[in-house]
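Given the structure is predicted, the values throughout are model-derived calculations rather than measurements.
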There are 2 protein chains.
Amino acid sequence: MTGVRDREQRESREREGGDAAVTRVLVVDDEPQIVRALVINLRARGYRVDAAEDGAKALAAAAARHPDVVVLDLGLPDMDGLEVIRGLRGWTRVPIIVLSARHASDEKVDALDAGADDYVTKPFGMDELLARLRAAVRRAEPVAADTDDAVVNTADFTVDLAAKRVGRGGTDVRLTPTEWHLLEVLVRNPGRLVSQQQLLKEVWGPSYRTETNYLRVYMAQLRRKLEPDPARPRYFVTEPGMGYRFEG
Amino acid sequence: MTGVRDREQRESREREGGDAAVTRVLVVDDEPQIVRALVINLRARGYRVDAAEDGAKALAAAAARHPDVVVLDLGLPDMDGLEVIRGLRGWTRVPIIVLSARHASDEKVDALDAGADDYVTKPFGMDELLARLRAAVRRAEPVAADTDDAVVNTADFTVDLAAKRVGRGGTDVRLTPTEWHLLEVLVRNPGRLVSQQQLLKEVWGPSYRTETNYLRVYMAQLRRKLEPDPARPRYFVTEPGMGYRFEG
DNA sequence: GGCGACCGTCAAAGTGCCGTCAAGATCATT
DNA sequence: AATGATCTTGACGGCACTTTGACGGTCGCC
């Protein structure tokens, strides 16, 4: 009996948590120059890097190597980048950072809706990409604990997702249903850029996809109730043209 | 590996909450990638896993194998996921964890109302699913026997959950069965917001999910009998549009 | 520098929800 | 059958919340 249990523990250790010191990155792009630049820069900083030049190879590589983060160019030769995102999102929550050309705004929004975590416009600065990559990996680590004690803390307020309660400076903050729903969606995706359409669909329903003024009104309410300086948001950040982001 | 004798003993126990050394999981999903990912991960952690690709096979497998927990995707080809839940709930209390697509809020509520125990939104992190799976199995184990000293005190009244008595100012307060039932649900979740649907389902049954006026009437009764100032509730707080909350 | 897109702010109009009351309906007890 | 307690049902006023429209500011682009 104990022998069996030891073996189970050993196997479960080998599975994922074992050598977590090295972060594995999967780079997906069909332009060799970009791939080469990324590989060199990432390896120089201690990442372990795999590369794939099209969507099919990307999905295969992701399944085989279980990367910690994926950097994905949307313009691939064999399949739409959105298909790759959906293919990954069927079974994994690995952070996906999208590379997108500058004048393709819908493309980026669609990618976020499909489940991407963040985006970087091409041409990109290596420092910016590295910063977003670090942020994505960092927030992927703390795994959601039990259903009961789901509490998100910031320096200025506390959100208890289970009790549906928000505290600030010792007292409770009263939120309306819509305010709470909006806050919940944002807080459940910390650090991640959530598109306007995603928020509207989740809070108001699929038919309200274009009523972006609702978001402006309720974002203002939330900031007024929770931000220390509502005019200069620190926790609920606007990404113009894209969506909003909650910073823990 | 465990021998034939162990399995015979386990199956002869026949009880659902039995403390078998190996936890059996039934995975129900029509997407092969997801099934494969789950099977690999769960087996690596020592679970015994069966898989079913549609609702009919799921019900058959559940009847044949008596799993300790079911992981169920709501989007199945042959029948609605809710039908599967109801089919299971007709004869077993086995914990059911639902896999749900991201933007399907009502779906999740309906699943919980139908008798599911928990849900995980797809895409899911394997660690999160495993945590919820452990929690579900743990909850299913014999939990009883802490009903002894279940007494909740406030400055104005006392609720004895074991004796089913409520005291206020030295004398007993007389509550009708429905009033007591409602009070009990609220007091058992101190500080937590309990949704209207949850209260209605618990006190009146699942089919009364929309009769919110019952809640208004009986909340008024409770407040009249227990609150020092019924017009300004201190212990039974209304969260407009969401539900009620008992403040200890 | 002008122009347009986008965001934040505000306040008024509209809507739905909650608390309250009271009268039927149902049930238990005698 | 009668009585009293409990549960259901409907109506209504008040108020909180949502919706809607208008205005001004900022940023990027031509």
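Between B/Leu199 atom CG and C/dC18 atom P there is a gap of 12 Å when expressed in whole angstrom units. Summarising the geometry, the separation between CZ on B/Arg223 and C1' on C/dC21 is reported as 15 Å, rounded to the nearest angstrom. Rounding to whole angstrom units, CH2 of residue B/Trp204 and C1' of C/dT26 are separated by 16 Å. For the pair A/Trp180 CH2 and D/dC17 C1', the interatomic distance rounds to 18 Å; values are reported in whole Å. We find that CG of B/Leu175 is positioned 13 Å from C1' of D/dT6, with the value rounded to whole Å. We find that CE of A/Met219 is positioned 15 Å from C1' of C/dC6, with the value rounded to whole Å. The separation between A/Leu200 atom CG and D/dT20 atom P is 13 Å, rounded to whole Å. With rounding to whole Å, B/Arg232 atom CZ is found 12 Å from C/dT20 atom P.
Close to D/dT18, at under 4.0 Å from its OP1 or OP2, lies a side-chain N or O of A/Tyr218. A close approach under 4.0 Å does occur between a side-chain nitrogen or oxygen of A/Thr178 and OP1 or OP2 of D/dT18. Distances shown here put a side-chain N or O of B/Tyr214 below 4.0 Å from the OP1 or OP2 atom of D/dT9.
Within the nucleic acid shown, B/Arg174 comes within 4.0 Å of sugar-phosphate atoms alone, with no base atom in reach, counting heavy atoms only. Among the protein residues, B/Tyr244 comes within range of the sugar-phosphate backbone only, with heavy atoms under 4.0 Å from sugar or phosphate atoms but none that close to a base.
A salt bridge links B/Glu128 with A/Arg93: the closest approach of a Lys/Arg side-chain nitrogen to an acidic carboxylate oxygen falls below 4.0 angstrom. In this structure, B/Glu239 pairs ionically with A/Arg174, as a charged nitrogen and a carboxylate oxygen lie closer than 4.0 Å. No salt bridge links B/Asp118 with B/Arg138; every basic N to acidic carboxylate O contact stays at or beyond 4.0 Å.
In the set D/dT9, C/dG19, C/dC10, the nucleotide with an atom closest to the side chain of A/Val217 is C/dC10. For B/Arg224, taking side-chain heavy atoms from C-beta onward, the closest of the listed nucleotides C/dC21, D/dT19, D/dC7 is C/dC21. Which of C/dG19, D/dT18, C/dC7 sits closest to the side chain of A/Gln196 comes down to C/dC7.
If B/Arg216 and B/Thr176 are placed on DNA chain D by their nearest nucleotide, the residue sitting closer to the 5' end is B/Thr176. When each of B/Thr212 and A/Glu239 is assigned the nucleotide of DNA chain C bearing its nearest heavy atom, the one mapping closer to the 5' terminus is A/Glu239.
Under the 3.5 Å distance criterion, the side-chain polar atoms of B/Glu247 are left unmatched by any main-chain donor or acceptor of B/Arg234.
In this structure, A/Phe157 and A/Phe236 have parallel ring planes: the angle between them is below the 30° cut-off, well short of the 60° mark.
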